[in-house]
Amino acid sequence: MSRRRFPVGVQDFESIIKDGFVYVDKTEYVYDLANNYGNAMFLSRPRRFGKSLLCSTLKHYFMGHKELFQGLAIEKLEKDWREYPVFHFDMSQCKNDDPEGVKQSLDLLLKNYEKKYNLSGEKLSYGDRLKMLILTVQELTGNRAVLIFDEYDSPVLNVIDDPEKMKAIRSIYNTFYGPVKSMAEHLRFVFLTGITKFSQMSIFSTINNLSNISMDEECEGLCGITAQEIERDFKEDIDMLAQKSRKSSDEMMQLLRDRFDGYHFGPGLVDVYNPFSIVNTFSRMVIKDYWFGSATPSALIKILDKYNFKLNDIENKRVYESSFDQPFDNMQSALPILYQSGYLTIKDYDFERNVYTLGIPNGEVYDGLYSCLMPLYLSPNPDDNTSLLMAVQDAMHDDDIDAALTAVQSYLSSLPYDLSNKTERDFETILKVLFDCLGIKNDVEVRNARGRCDVVLKSRTTIYVLELKISTTATVDEALAQINEKNYLIPYWNDPRRKVKVGVTVDPEERTIKEWKVVE
């Protein structure tokens, strides 16, 4: 069985088709977007989720390149191929983080098209240059222009942690996007992609008919690879990977599902796999966290720290759509950018109440997110972290909760004063980070009918119920009494593993565990 060619790093539709790369047919979506929606729309998806390939496919469709679409779904749908002038701006090329650099990049994007049509607009504003291009091509061809702005927000996202630079760069792009509204009658189609909305970007305030299709049920499978497409188009690759990994095809399918599936982009809850990780996995025949490892989310960490967003807040977050689908510049919490960036996704939707439940999409994001957030809670010294993790892992493997808590106690005593370990919730979070990184199943703030248990740890043979008391005067017996009084063990009565109660006191002044007591 020979391996197929996968388009790792290839985002141009023409290259994928002509060079024989694997292509998941999205052309039925393309036809619908071009003919059954309005003339202007915005699509939000996380980075490396197929937005650029979608833009390239739209470009070749509107340019009338019928030969590229042979054998694809759109071939049976489109009966009247027409050629439109297309202006495709890949804004991710504007990677400069200073206003002058942004101006140079934007100038180069415009010059490429001005040269094609023998125009010179150097003395005009960016918006007037775009306007001149739109009017010129309509006069030359008799057809209205198509505008495609891929990653429209990329230049601004580059400086999201610098408000002054963001304001300056946003102002530059407002002059570029501004004229689009006045050109509506000269435009056949306008399409924008990005990660988030910026309410103060003129592209949103000046195009009255701009539709945000990001959560439309008909568009949930527009980017990424749906579960149906995985089973339809990748069976031979799954079989090959399973054989190499000495697993059955069903076991490999479940492994891929757990690692890369779980994204939902609307109330229809269509299962979507991360395309970047899937393509890399089948290309290299090795399962790794390709998407999360492809970029260091340093800006994400700064945002989470800014909004004091705790790991405890991430899972099973029930919200209205307005709470997580907000423009970046109106955000009151880190929740919207976590969703828009792909670190959270829709897990469930209550149609009756119009309430969404958000959570981490899959194993790749779960492990990566907790690992990258460790610096907010752990020592800056990697050697310290490694020693701690190994000590705790060894202790939990031996079902020695005393040794595990001894290691944590010693470690907490060594943390710098400015790290976040001042409240009960901070200590719960530190424990969750530690045990998540070690692959030890755990829950924090577990609710039942009588109260809320602070921490539950689950090893192969034992369930540990921990109650924390953050006080200089509280005792471990008081913590144990609360476990008994609130019946924290009730949810686990039918579990065959042994149950262990652990009362823990934490000294808020010393900022570490003071003592603990274990009772079976």
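Side chains included, hydrogens not; waters and symmetry mates left out as well; all remaining heavy atoms used. Index from 1, following the sequence.
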### Query
Does the ring centre of Tyr349 sit less than 6.0 Å away from the ring centre of Phe351?
yes
### Query
Taking atom types as modelled and ignoring hydrogens, do the side chains of Ser277 and Asn280 form a donor-acceptor contact shorter than 3.5 angstrom?
no
### Query
Taking the inter-plane angle between the rings of Trp291 and Tyr343 on a 0 to 90° scale, is it parallel (under 30°), tilted (30 to 60°) or perpendicular (over 60°)?
tilted
### Query
In chain order, what residues pass the salt bridge (Lys or Arg N to Asp or Glu O under 4.0 Å) check against Arg259, with sequence neighbours excluded?
Asp289, Asp367
### Query
Backbone N or O of Phe21 within a donor-acceptor pair of the Asp19 side chain at under 3.5 Å?
no
### Message
The test is ring-ring contact (aromatic ring centres under 6.0 Å, His included); show your working for Phe265 and Phe49 and say whether it passes.
### Response
CA-CA 12 Å; Phe265 297 107; Phe49 236 86; 5.6 Å; yes
### Message
Is the ring pair Phe89/Phe149 parallel, tilted or perpendicular, if the boundaries are 30 and 60 degrees?
### Response
parallel
## Note on the structure
Shortest non-hydrogen pair, Ser323 vs Leu335, comes out as O-CD2, 4.2 Å
### Message
Between Thr345 and Tyr263 (side chain of the first, backbone of the second, donor and acceptor by atom type, cut-off under 3.5 Å), is there such a pair?
### Response
no
### Query
Are the aromatic ring centres of Tyr290 and Phe276 under 6.0 angstrom apart?
no
### Query
Would Asp258 and Gln254 count as having a side-chain donor-acceptor pair, cut-off 3.5 Å?
yes
### Task
Step through it carefully: locate the ring centre of Phe234, locate the ring centre of Phe282, and say whether they are under 6.0 Å apart.
yes
### Query
Donor-acceptor pair, Thr193 side chain versus Glu151 backbone, under 3.5 Å?
yes
### Task
Taking Lys247 for its side chain and Lys244 for its backbone only, find out whether a donor-acceptor pair lies under 3.5 Å.
no
### Query
Do Ser341 side-chain atoms and Leu338 backbone N/O form a donor-acceptor pair below 3.5 Å?
no
### Query
Can a salt bridge be assigned to the pair Lys167 and Glu164 using a cut-off of 4.0 Å between side-chain N and carboxylate O?
no
### Task
Grab the two heavy atoms, one from Ile213 and one from Cys219, that are nearest each other, plus how far apart they are.
O-CB, 3.7 Å
### Task
Decide yes or no for Gln228 and Val270: does some side-chain heavy atom of the first lie under 4.5 Å from some side-chain heavy atom of the second?
no
### Summary
In short, Leu269 meets Glu220 closest at the heavy-atom pair N-OE1, 3.1 Å
### Query
Is there a side-chain contact between Phe42 and Ser211, using heavy atoms and a 4.5 Å cut-off?
no
### Residue Glu75 excluded, over 12 heavy atoms near CD under 6.0 Å
yes
### Query
Take atom CD in Glu67; do more than 12 heavy atoms of anything else shown fall under 6.0 Å from it?
yes
### Query
Are there more than 12 heavy atoms of other residues, nucleotides or ligands under 6.0 Å from atom OH of Tyr320?
no
### Under the ring-ring contact (aromatic ring centres under 6.0 Å, His included) test, residues paired with His60 that sit two or more places apart
His65
### Query
Do you know the tightest heavy-atom contact between Val10 and Ser15?
CG1-CB, 4.0 Å
### Task
Please examine the side chains of Thr57 and Lys26, heavy atoms only from C-beta on, and report whether any two atoms are closer than 4.5 Å.
no
### Query
Near Lys59 NZ, under 6.0 Å, is it more than 12 heavy atoms from other residues, nucleotides or ligands?
yes
### Message
Closer than 3.5 angstrom, by distance alone: can the side chain of Glu321 be matched with the main-chain N or O of Val355 as a donor-acceptor pair?
### Response
no
### Query
Going by an N to O cut-off under 4.0 Å, is there a salt bridge joining Glu185 and Arg144?
no
#### Entry: Between Arg82 and Asn143: side-chain donor-acceptor atoms closer than 3.5 Å
yes
### Message
Between Ser248 and Asp250, do the side chains contain a donor N or O and an acceptor N or O under 3.5 Å apart?
### Response
no
### Task
Give a yes or no answer on whether the side chain of Ser283 reaches the backbone of Phe6 with a donor-acceptor pair at less than 3.5 Å.
no
### Query
Can Tyr31 and Asn36 be counted as having a side-chain donor-acceptor contact under 3.5 angstrom?
no
### Heavy-atom side-chain contact between His264 and Val272 under 4.5 Å
no
### Query
If you measure only the distance, is there a donor-acceptor pair under 3.5 Å linking the side chains of Thr226 and Glu229?
yes
### Message
Looking at every non-hydrogen atom in both residues, tell me the closest pair between Arg3 and Met240 and how far apart they are.
### Response
CG-SD, 3.2 Å
### Message
Taking the basic N atoms (NZ, or NE/NH1/NH2) and the acidic carboxylate oxygens, is any pair closer than 4.0 Å for Arg129 and Asp107?
### Response
yes
### Task
Measure from the side-chain N and O atoms of Asn274 to the backbone N and O of Phe260, and report whether any donor-acceptor pair falls under 3.5 Å.
no
### Task
Output, in order, the C-alpha distance, side-chain angles, deciding distance and verdict of side-chain contact (heavy atoms from CB on, under 4.5 Å) for Asn39 and Leu187.
CA-CA 8 Å; Asn39 287 344; Leu187 296 171; over 6 Å; no
### Query
For atom CD of Glu217, is the number of surrounding heavy atoms from other residues, nucleotides or ligands below 6.0 Å larger than 12?
yes
### Message
Does this structure show an ion pair linking Lys165 with Asp98, if we count only N-O contacts that are shorter than 4.0 Å?
### Response
no
## Note on the structure
Between Tyr61 and Ala34 the two heavy atoms that sit nearest each other are CE2-CB, 3.5 Å
### Query
What's the spacing between Arg232 CZ and Lys235 NZ if we round to 0.5 Å?
15.0 Å
### Message
When you compare the side chain of Cys223 with that of Leu43, does any pair of heavy atoms fall below 4.5 Å?
### Response
yes
### Query
Do the numbers put Arg318 on top of the ring of Tyr356, so that NZ or CZ is under 6.0 Å from the six-membered ring centre and no more than 45° off the axis?
no
### Query
Under the ring-ring contact (aromatic ring centres under 6.0 Å, His included) test, which residues partner Phe69, sequence neighbours left out?
Phe13, Trp81
### Query
Under 3.5 Å, is there a donor-acceptor pair linking the side chains of Asp25 and Thr27?
yes
### Message
Is it the case that the side chain of Lys51 and the backbone of Arg45 share a donor-acceptor pair, with hydrogens and angles ignored and the cut-off at 3.5 Å?
### Response
yes
### Message
Between Asp128 and Ser125, is the side-chain hydrogen bond (donor to acceptor under 3.5 Å, both in side chains) condition met? List the steps.
### Response
CA-CA 5 Å; Asp128 285 339; Ser125 69; 3.3 Å; yes
### Query
Which word best sums up how the rings of Tyr173 and Phe176 line up, parallel for under 30°, tilted for 30 to 60°, or perpendicular for over 60°?
perpendicular
### Query
Counting N and O atoms only, with roles assigned by atom type, does the side chain of Ser56 sit under 3.5 Å from a partner on the main chain of Ser52, one being a donor and the other an acceptor?
no
### Task
Decide whether Glu114 and Ser120 meet the rule of one side-chain donor and one side-chain acceptor closer than 3.5 Å.
no
### Message
I'd like to know if the side chain of His88 pairs up with that of Asp150 as donor and acceptor (distance under 3.5 Å, no hydrogens or angles considered).
### Response
no
